[in-house]
Asker: 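I'd like to ask some things about the structure below.
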There are 2 protein chains.
Amino acid sequence: MKKTQPKIKDVAFVAGVSTATVSRALTQPDRLSAPTRQKVFDAIHSTGYRVNQAARNLRTRRAGAVLVLVPNLGNPFFSAILSSINDVLAANGYSVLVFDSQQPGASEHAVADCFLNGSVDGMITLDGHMSDATGHALRSTNMMQQVVFCCEWSDQWQLPSIRSNNGLGTRLVVDHLVALGHRRIAHVAGPAENILAEVRKKAFAQRCAIHGLDISPDWIVEGDFSLGAGARAAERILALSERPTAVFCASDAMALSFITRCQQLGVAVPQDISVVGFDDIELAAFMEPGLTTIRQDRSGLGRLAAQELLARLRGEQKTEGAHVIFAPVALIERGTTAAPP
Amino acid sequence: MKKTQPKIKDVAFVAGVSTATVSRALTQPDRLSAPTRQKVFDAIHSTGYRVNQAARNLRTRRAGAVLVLVPNLGNPFFSAILSSINDVLAANGYSVLVFDSQQPGASEHAVADCFLNGSVDGMITLDGHMSDATGHALRSTNMMQQVVFCCEWSDQWQLPSIRSNNGLGTRLVVDHLVALGHRRIAHVAGPAENILAEVRKKAFAQRCAIHGLDISPDWIVEGDFSLGAGARAAERILALSERPTAVFCASDAMALSFITRCQQLGVAVPQDISVVGFDDIELAAFMEPGLTTIRQDRSGLGRLAAQELLARLRGEQKTEGAHVIFAPVALIERGTTAAPP
DNA sequence: CCGCGCGATGTAATCGATTACAATCCGAGA
DNA sequence: TCTCGGATTGTAATCGATTACATCGCGCGG
């Protein structure tokens, strides 16, 4: 049993060639004659050689890793996206380093400790927030070219962004409810500072206006995408004197707990009130009644983001600045919407 | 604006010291005199210096990264654990590299490509399966010392393992149901080859026997922890001529869809049938009725696993071989259990 | 006053792979 | 026959930090 890992020199010795030849066999096999290549591969197998990544990284000034910033890793919506990002990057020889950006100061830290010291080649962030400090640090090291937003984004930084068509999704919701006959529609929004919350809220207001609906300010409730927020919103909305007949929740999690709270308060869904979510998490199909919602193509979002980043890492980025790709959305009609009472 | 990142040599020049001194300021500040240390830190700030990880890794033969193998990244149960693993490791200067072990051949690949070439220092696996090839590869490179199981485990490899007290959790479930008066209890198990499924199923049978319950083989249904499996199990169990009055599902996801399917088939929970889950995912508290279940300390599991690994990376492992730590579980009584009809 | 020991710092070897440049060989064309 | 070009392979510099060892200076006991 060997004490130490074999190095390229050992392989070269066994194969009877130089270290340069071994290295070339690894990185550009075409440049070697067939017999030499074979000798080297045999030697690699017989010695059990493995390239030392640290050495390779040092020399090539690459890291072979990508940072993925996730706001709240525990949220299943994000982890599905992470999963598909991981698949694509792994298939292309990149490792995925994850960081939870909700950790206090984690985002700064992650960027500082991983990006600037060269331990990652690029970054995909699912978090639309990017502090000035982080942004400037990235810019000053020319790393801005290797950052891609996914799902969320920030208008402050001109960066490529893969996102669902939130405007369309919202319009589909409003149109669906209006078609059913609803004219009093509430909206449980995401947190105020969130770009998705903002876009969906604005699209909701616009679409309602187009249909000539009169939306009371009381019907717009701010949430935070979480389960708890849906329940709280239900209490507020059901307590209103002029109660809406339908609710558009900006996330499935909120829609879910909204419905639960309605049931607990003796309000039937969809008979008394219709509810629509956003995301189409797996559970939406497995509740009773099934949740009517907007499907986001989570694996597509992750895949596209990973591919966009890969293209940039290869130096193929066509467009400079912001390059926005919209992933498709679709209305999935299930059982939580019906005609108003 | 600088073209290139400053290196240690540049800092040394600015500070008027040698590179060795700068390096020492970074890694063992105590060994420097106060004024020198100050000079170096000033120079580091003024140059904007960042250590090059690849170079450091090469020299120190460390990677500063840990691999986490997750079966199905999209599963929120795992992502919560991943999140706490991440917190602990990040706080200790390690990056977290994730891999989805469900990718075909990914597990082998991940270990081969990351572990053996030195790009990670250790591994936490949430997947109880470890192929012979992987295990032997780890052993042959002395990497076995730096592997920790979390949640799931394998008896084949004598490795430290952090797990919930599955036996106790299962006993709590059975005792609870028996105390309510149930004597005909079904079990929706996990997949056959899964260690958690096996342990819970066995504990279930044993505890039922202790209570003198006669469990029909028809009442033991194999699932796979997923939402779909719960619905299918419900169909099978409700169709039985001799129907059980309570069901213990090996995961909350299965319990949830089991209940949904019951409702769809006109069977009331808990009036007609009681249901208990396992995990206590966040949603369990937000459904109606609330899901009675066994709480697993997900963040504790992740934290303990990370700490165990850190101890081993520091070379502090006390015990050789298998070191099992049990995380506490607790019965959370909500609304899906009641006395039998 | 000498020399020992210790703390602080510098010099240079080292980690292991990549790659610019040089050397060699071989066949084709003049 | 000689030269030129291309394909193949070797030599050695290089990436940037760490650290063994050497050096220096200083205080203190003998």
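In the text below, chain A, chain B and the rest are named by the order of the sequence lines, each starting its count at 1.
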Asker: What is the distance, rounded to the nearest whole Å, between atom CD of B/Gln28 and atom P of D/dA17?
Answerer: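 It is 16 Å, rounded to the nearest whole Å.
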Asker: Would you indicate what B/Val22 reaches in the nucleic acid, counting non-hydrogen atoms under 4.0 angstrom: base, sugar-phosphate, or nothing?
Answerer: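 If one applies the 4.0 Å heavy-atom cut-off, B/Val22 turns out to touch nothing in the nucleic acid.
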Asker: What verdict does the side-chain hydrogen bond (donor to acceptor under 3.5 Å, both in side chains) test give for B/Thr60 and B/Arg62, after you've listed the backbone C-alpha separation in whole Å, the side-chain angles of each residue and the deciding distance to 0.1 Å?
Answerer: CA-CA 5 Å; B/Thr60 57; B/Arg62 284 185 3 128; 4.6 Å; no
Asker: So, does B/Ser18 get its side chain near the phosphate of C/dT9, meaning an N or O under 4.0 Å from OP1 or OP2?
Answerer: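 So the side chain of B/Ser18 is outside the cut-off, no N or O lying under 4.0 Å from OP1 or OP2 of C/dT9.
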Asker: Given atom CG of B/Leu58 and atom P of C/dC15, what is their separation to the nearest angstrom?
Answerer: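 Value for this atom pair: 9 Å.
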Asker: Find the distance A/Arg50:CZ to C/dA17:P and express it as a whole number of Å.
Answerer: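 My rounded result for the distance is 12 Å.
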Asker: Would you please indicate if the ring centroids of A/His136 and A/Trp157 are separated by under 6.0 Å?
Answerer: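 When the ring centroids of A/His136 and A/Trp157 are compared, they turn out to be within the sub-6.0 Å range.
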Asker: Out of D/dG16, C/dG10, D/dT18, which has the shortest distance to the side chain of B/Asn52?
Answerer: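 Of the candidates, D/dG16 comes closest.
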Asker: Can you tell me the distance, in whole Å, between the CD1 atom of B/Ile44 and the C1' atom of D/dA17?
Answerer: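 After rounding, the reported distance stands at 12 Å.
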Asker: When you get a sec, tell me which of D/dA17, C/dT18, C/dT11 is the closest nucleotide to the side chain of B/Ile8?
Answerer: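 Nearest listed nucleotide: D/dA17.
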Asker: Mind checking if B/Ser23 touches a base, just sugar-phosphate, or nothing, with heavy atoms under 4.0 Å?
Answerer: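 Answer is base: heavy atoms of B/Ser23 come under 4.0 Å of a base.
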Asker: Does B/Arg56 make a side-chain donor-acceptor contact with the base of D/dT18, cut-off 3.5 Å?
Answerer: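 When only heavy-atom distances are counted, B/Arg56 does not reach the base of D/dT18 through any donor-acceptor pair under 3.5 Å.
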Asker: Could you tell me the separation between the CZ atom of A/Arg61 and the P atom of C/dA17, rounded to a whole number of Å?
Answerer: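 Taking CZ of A/Arg61 and P of C/dA17, I get 19 Å after rounding.
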Asker: Give a yes/no on whether any side-chain N or O of A/Tyr49 is located under 4.0 angstrom from OP1 or OP2 of C/dG16.
Answerer: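 No, A/Tyr49 has no side-chain N/O under 4.0 Å of OP1/OP2 on C/dG16.
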Asker: Counting only side-chain nitrogens and oxygens, does A/Arg37 get under 4.0 Å of the OP1 or OP2 atom of D/dT8?
Answerer: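 So the side-chain polar atoms of A/Arg37 never come under 4.0 Å of the phosphate oxygens OP1 or OP2 of D/dT8.
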Asker: Which nucleotide wins on minimum distance to the side chain of A/Leu32, given the candidates D/dA17, D/dC15, D/dT9?
Answerer: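 Taking heavy atoms from C-beta onward, the closest nucleotide is D/dT9.
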Asker: Testing the 3.5 Å rule here: is there a donor-acceptor pair between the side chains of B/Gln156 and B/Asp132?
Answerer: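 Judged by distance alone, the side chains do pair up.
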Asker: Would you check if the side chain of A/Asp127 reaches a backbone N or O of A/His129 as a donor-acceptor pair within less than 3.5 Å?
Answerer: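 Checking the backbone N and O of A/His129 against the side chain of A/Asp127, a donor-acceptor pair under 3.5 Å is found.
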Asker: Roughly, in whole Å, what's the span from CD in A/Gln5 to P in C/dG16?
Answerer: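 Atom CD in A/Gln5 sits about 10 Å away from atom P in C/dG16.
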Asker: Within the structure shown, what part of the strands sits under 4.0 Å from B/Thr27 by heavy-atom distance: base, sugar-phosphate, or nothing?
Answerer: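 If one applies the 4.0 Å heavy-atom cut-off, B/Thr27 turns out to touch the sugar-phosphate alone, with no base involved.
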Asker: Which is true for B/Arg24 with a 4.0 Å heavy-atom rule: it touches a base, it touches only sugar-phosphate, or it touches nothing?
Answerer: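 Base: the residue B/Arg24, judged by heavy atoms under 4.0 Å, touches a nucleobase.
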Asker: Given atom CZ of B/Arg59 and atom P of D/dT14, what is their separation to the nearest angstrom?
Answerer: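 Distance check: B/Arg59 CZ to D/dT14 P gives 19 Å.
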Asker: Side chains of A/Glu152 and A/Asn194: any donor to acceptor distance under 3.5 Å?
Answerer: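 Side chains of A/Asn194 and A/Glu152: pair found under 3.5 Å.
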Asker: Rounded to the nearest Å, what distance is computed from the CG atom of residue B/Asn57 to the P atom of nucleotide C/dA17?
Answerer: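 In whole Å, C/dA17 P and B/Asn57 CG are 14 Å from each other.
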Asker: Hey, which sits more toward the 5' end of DNA chain C by its nearest nucleotide, A/Ala54 or B/Ala20?
Answerer: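 Whichever sits nearer the 5' end wins; that is B/Ala20.
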Asker: Which of the following nucleotides, C/dG16, D/dT18, D/dG10, is nearest to the side chain of B/Thr60?
Answerer: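 The listed nucleotide nearest to B/Thr60's side chain is D/dT18.
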Asker: Of all the heavy-atom pairs spanning A/Ile8 and A/Thr19, show the shortest one and how long it is.
Answerer: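 Looks like CD1-O, 3.9 Å.
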Asker: Within the structure shown, what part of the strands sits under 4.0 Å from B/Ser33 by heavy-atom distance: base, sugar-phosphate, or nothing?
Answerer: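 The answer is sugar-phosphate, as B/Ser33 gets under 4.0 Å only of primed atoms, P, OP1 or OP2.
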